[in-house]
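Structure first, then comments.
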Number of protein chains: 2
Amino acid sequence: MCANLMQRLTLEKIGELAGVSRATVSRVINHHPNISSEVRERVERIIAETGYQPNQAARSLASNQSNVIGLVIPNVVQAVFTDPYYPRLTQGISAACNQLDYTLALFLFHSPEEEQFAVRRFSNNSLIDGLIITADNHINPFIPQLVKRNVPFVYIGRPETTESVTYIDVDHIGGSYIGTKHLIDLGFKRIAQLSTKHNTAGVDRDKGFRQAMAEVGYAVDEDYVVYGDFTERSGYEAMQHLIPLRPDAVFIQSDTMALGAMRALRDAGLSVPDDMAIVSFDDLPPALLTEPHLTTVRQPVHDVGMLAVETLIERCANPGQPPKHVVLPTELVIRGTCGAAN
Amino acid sequence: MCANLMQRLTLEKIGELAGVSRATVSRVINHHPNISSEVRERVERIIAETGYQPNQAARSLASNQSNVIGLVIPNVVQAVFTDPYYPRLTQGISAACNQLDYTLALFLFHSPEEEQFAVRRFSNNSLIDGLIITADNHINPFIPQLVKRNVPFVYIGRPETTESVTYIDVDHIGGSYIGTKHLIDLGFKRIAQLSTKHNTAGVDRDKGFRQAMAEVGYAVDEDYVVYGDFTERSGYEAMQHLIPLRPDAVFIQSDTMALGAMRALRDAGLSVPDDMAIVSFDDLPPALLTEPHLTTVRQPVHDVGMLAVETLIERCANPGQPPKHVVLPTELVIRGTCGAAN
DNA sequence: TTGCTAATTGAGAGCGCTCTCAACACTTTT
DNA sequence: AAAAGTGTTGAGAGCGCTCTCAATTAGCAA
């Protein structure tokens with residue numbers, strides 16, 4: 001029997017074939033209790049034989065839930081290409097969706113107009129049960145609008161106003177604290193930082209760096225703090241500014257920027273860690289692309305994604321709940337660039 | 001009026017407010033002809049004032065079309081992280097979806113079981129109108145199953161069996177031909193290749209290289225052909241094998257591998273293009289990360305994504321159509337690594 | 001005026017599912 | 001043996017939309 005000639009299967013038809021009512025088939029599919037095992041098996045057999053798949057649209061309409069969640073990534077143009085962070089995050093989110101039998105809708109926005117247009121579609125629409133938002137920087141009007149329109153969402157990172165927003169973040173402050181502390185403990189004195197001002201993660205990492213420095217009474221010379229924007233190129237350029245000052249170590253806020261920084265050092269004929277030690281942040285694949293490999297603060301990007309999905313689904317099920325804030329710990333991964341191996 | 005207290009808006013209610021029937025409101029929303037402009041304006045005003053959004057689930061159920069398309073990326077684990085190709089492609093696809101008012105569902109699979117499980121959900125499901133498939137390598141059982149289950153799809157790349165499959169591909173053969181030809185024209189004699197066997201793109205690029213070489217009567221010494229797997233690391237290692245043979249130029253099948261290859265050359269104290277000229281393939285962001293920048297064959301990844309969406313939507317509208325095959329042209333981008341600038 | 005066509009609108013029947021409610025068949029309790 | 005409880009099933013009313021079909025009105029020629 002050819003698929004295209006085959007008439008569409010419905011609950012009704014499956015019921016007919018199994019000699020039960022539509023309602024009973026529905027119960028079997030949704031794993032309701034109180035079905036005689038005899039009937040359950042019969043129905044399940046028919047379903048398996050026919051390859052029946054319930055119609056999602058009808059399900060959504062009747063139950064007012066779609067089992068689809070959206071992932072929103074604004075300002076892609078910059079971010080997605082320069083850093084392996086987003087692919088990694090997306091993978092974690094996707095894995096959790098597959099596991100929990102949810103479908104992932106991806107929304108990449110390239111302009112404020114697209115954002116504006118999309119936000120309307122998210123409400124009262126029944127396409128999307130909820131959203132995972134990754135807004136890499138500062139205030140965007142998205143969040144308040146979602147709150148107003150009552151769209152359940154989980155924010156990845158630390159939002160401007162933490163009240164009333166559920167978010168999953170990584171302990172950036174603690175992470176850069178242990179990264180910097182590691183350099184201090186190794187005896188380095190003139191410790192620079194390759195920082196960024198582009199998002200709250202950057203701001204927090206800066207804070208952790210200063211905390212560690214302050215704790216041991218090292219003054220932070222602002223000339224020793226240079227800024228990039230998470231790209232390889234910006235790391236390269238920032239390091240070029242740093243080289244003449246001859247710090248003996250530098251804490252770099254991302255692996256990708258560390259890649260660029262090491263390129264600059266190599267071009268200047270300097271060796272890592274002998275001429276300058278490096279600790280960076282992320283532990284994404286690029287960390288293994290340098291020689292020696294990067295000593296870096298691992299952030300659990302994959303776990304953040306998984307957790308975001310789980311949290312979102314939970315919130316969709318219990319809309320009344322107070323906002324939840326999760327901050328995941330980081331971990332120092334010691335490799336070659338800090339000189340600790342010597 | 002608070003959003004959560006606000007009663008759900010329906011066509012019926014909008015009709016009531018505008019003093020027309022549900023059917024008329026539906027007509028206005030779907031831009032049917034034969035609506036008096038007076039009624040149209042009145043209805044549109046009410047819709048704008050109330051912020052009404054049609055319920056997608058009900059729409060899908062009634063019209064049997066969801067305006068959602070799926071993007072399938074198997075074997076993510078490897079591919080997504082090592083190459084900026086997928087993010088770029090995804091961006092193109094997303095842009096087209098936004099423009100055409102479609103929603104993009106992302107399916108990343110990590111295991112054959114997940115694939116198998118998902119393929120069932122795609123059929124007779126009404127969640128997905130059609131699929132864009134990126135299968136980076138060889139035969140997978142996915143395609144025949146989709147054909148059998150009558151799910152409209154567009155394949156990105158060149159599938160094993162081109163019959164009955166609509167695909168969008170890039171002219172890999174022609175691209176590597178012009179890339180190689182460029183090296184030949186510049187007078188290089190001992191031209192090596194950093195190739196891959198991982199997918200049809202690799203096989204095709206290999207073919208183009210050999211075509212160009214054969215055309216001018218250069219024999220291809222198989223020692224001069226080394227293989228990688230599209231990763232930076234594999235480019236590094238492959239180049240290490242090549243260096244002792246001292247070719248004067250090398251055609252490299254991807255920018256990412258070229259990145260690794262240039263790292264190997266630098267570590268060996270060799271300079272590009274003086275000691276070895278390089279032409280690569282892709283023209284993705286990494287092409288500008290090397291010094292000098294990569295001379296490379298640009299493939300229109302973004303356009304492939306856009307075109308895939310348009311083609312898919314067209315096929316969904318006309319299911320009877322014969323399969324369509326599109327092969328997009330490439331373009332040589334001359335920068336520093338080929339030595340042509342000197 | 002009458003008759004005809006064309007434009008505009010409404011009524012109503014689904015789309016395939018979920019979920020409540022009632023019915024029925026058994027047990028168990030009194 | 002009657003009453004009450006428990007487990008299992010079916011009937012039927014929606015969910016909010018689309019789309020066909022018929023009704024109404026308007027426009028125009030005869």
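Keep in mind that the numbers below use all heavy atoms, side chains included, and drop hydrogens, waters and symmetry copies. Convention: sequence-line order gives letters A, B, ...; per-chain numbering from 1.
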Who are the side chain to side chain contact (heavy atoms under 4.5 Å, CB included) partners of A:Glu113, not counting sequence neighbours? A:Ser111
Watson-Crick or G-U pairs under 3.5 Å in DNA chain C, rendered as dot-bracket with [ ] for crossing pairs and | for another strand: ||||||||||||||||||||||||||||||
Distance check needed: D:dG10 C1' versus A:Glu16 CD, whole Å only. 15 Å
Please identify each residue that fulfils ring-ring contact (aromatic ring centres under 6.0 Å, His included) with A:Tyr85, with sequence neighbours left out. none
Contact under 4.0 Å: B:Tyr52 side-chain N or O vs D:dC17 OP1/OP2: yes
Go through the structure and list residues passing salt bridge (Lys or Arg N to Asp or Glu O under 4.0 Å) with B:Glu49, not counting sequence neighbours. B:Arg45
Taking only residues two or more places apart in sequence or in another chain, which ones pass side chain to side chain contact (heavy atoms under 4.5 Å, CB included) with B:Leu11? B:Arg22, B:Val25, B:Ser26, B:Ile29, B:Tyr52
Going by the rule side chain to side chain contact (heavy atoms under 4.5 Å, CB included), which residues pair with A:Glu41 if we only count those two or more places apart in sequence or in a different chain? A:Ser37
Are OP1 or OP2 of C:dG16 and a side-chain N or O of A:Thr10 less than 4.0 angstrom apart? no
If I take atom CD in residue B:Gln53 and atom P in nucleotide D:dC15, what distance separates them, rounded to the nearest angstrom? 20 Å
Listing time: all N or O pairs from protein to nucleotides 18-25 of chain C that are below 3.5 Å?
from	atom 1	to	atom 2	distance (Å)
C:dT18	OP1	A:Asn30	ND2	3.1
C:dT18	OP1	A:Arg59	NE	3.1
C:dT18	OP2	A:Ser26	OG	2.6
C:dT18	O4	A:Arg22	NH1	2.5

Which pairs with one or both residues in residues 93-107 of chain B pass side chain to side chain donor-acceptor pair (under 3.5 Å), sequence neighbours excluded? A:Glu114-B:Asn98, A:Arg121-B:Asp101, A:Arg121-B:Thr103
Counting any heavy atom closer than 4.0 Å, what does A:Asn34 reach on the DNA or RNA strands: base, sugar-phosphate only, or nothing? base
It should be established whether A:Asn64 places a side-chain nitrogen or oxygen under 4.0 Å from OP1 or OP2 of nucleotide D:dC15. no
Which value, rounded to the nearest 0.5 Å, describes the distance between B:Leu71 atom CG and B:Ile133 atom CD1? 8.5 Å
What residues form a side chain to side chain contact (heavy atoms under 4.5 Å, CB included) with B:Glu16, not counting sequence neighbours? none
Whole-Å distance, B:Leu61 CG to C:dA13 P, equals 17 Å
Would you mind writing out the side-chain donor-acceptor pairs for residues 310-318 of chain A within the sub-3.5 Å range, not counting sequence neighbours?
from	atom 1	to	atom 2	distance (Å)
A:Thr311	OG1	A:Leu307	O	2.7
A:Arg315	NE	A:Thr166	OG1	3.2
A:Arg315	NH1	A:Thr166	OG1	3.1
A:Arg315	NH1	A:Pro322	O	3.3
A:Arg315	NH2	A:Gln321	O	3.4

Using modelled atom types only, decide if a donor and an acceptor are shared between the side chain of A:Asn30 and the backbone of A:His32 within a distance under 3.5 Å. no
If I take atom CG in residue A:Leu9 and atom P in nucleotide C:dG16, what distance separates them, rounded to the nearest angstrom? 10 Å
Of all residues at least two apart in sequence or in a different chain, which pass the ring-ring contact (aromatic ring centres under 6.0 Å, His included) check with B:His325? B:Tyr167
Whole angstroms only, please: what is the CG-C1' distance between B:Asn55 and D:dC17? 8 Å
To the nearest Å, give me how far apart CD (A:Glu12) and P (D:dG10) are. 11 Å
Is the phosphate of C:dG10, meaning OP1 or OP2, less than 4.0 Å from a side-chain N or O of B:Thr24? yes
Please give me every residue in residues 36-44 of chain B whose heavy atoms get under 4.0 Å of an atom in DNA chain C, ordered by residue number. B:Ser36, B:Val39
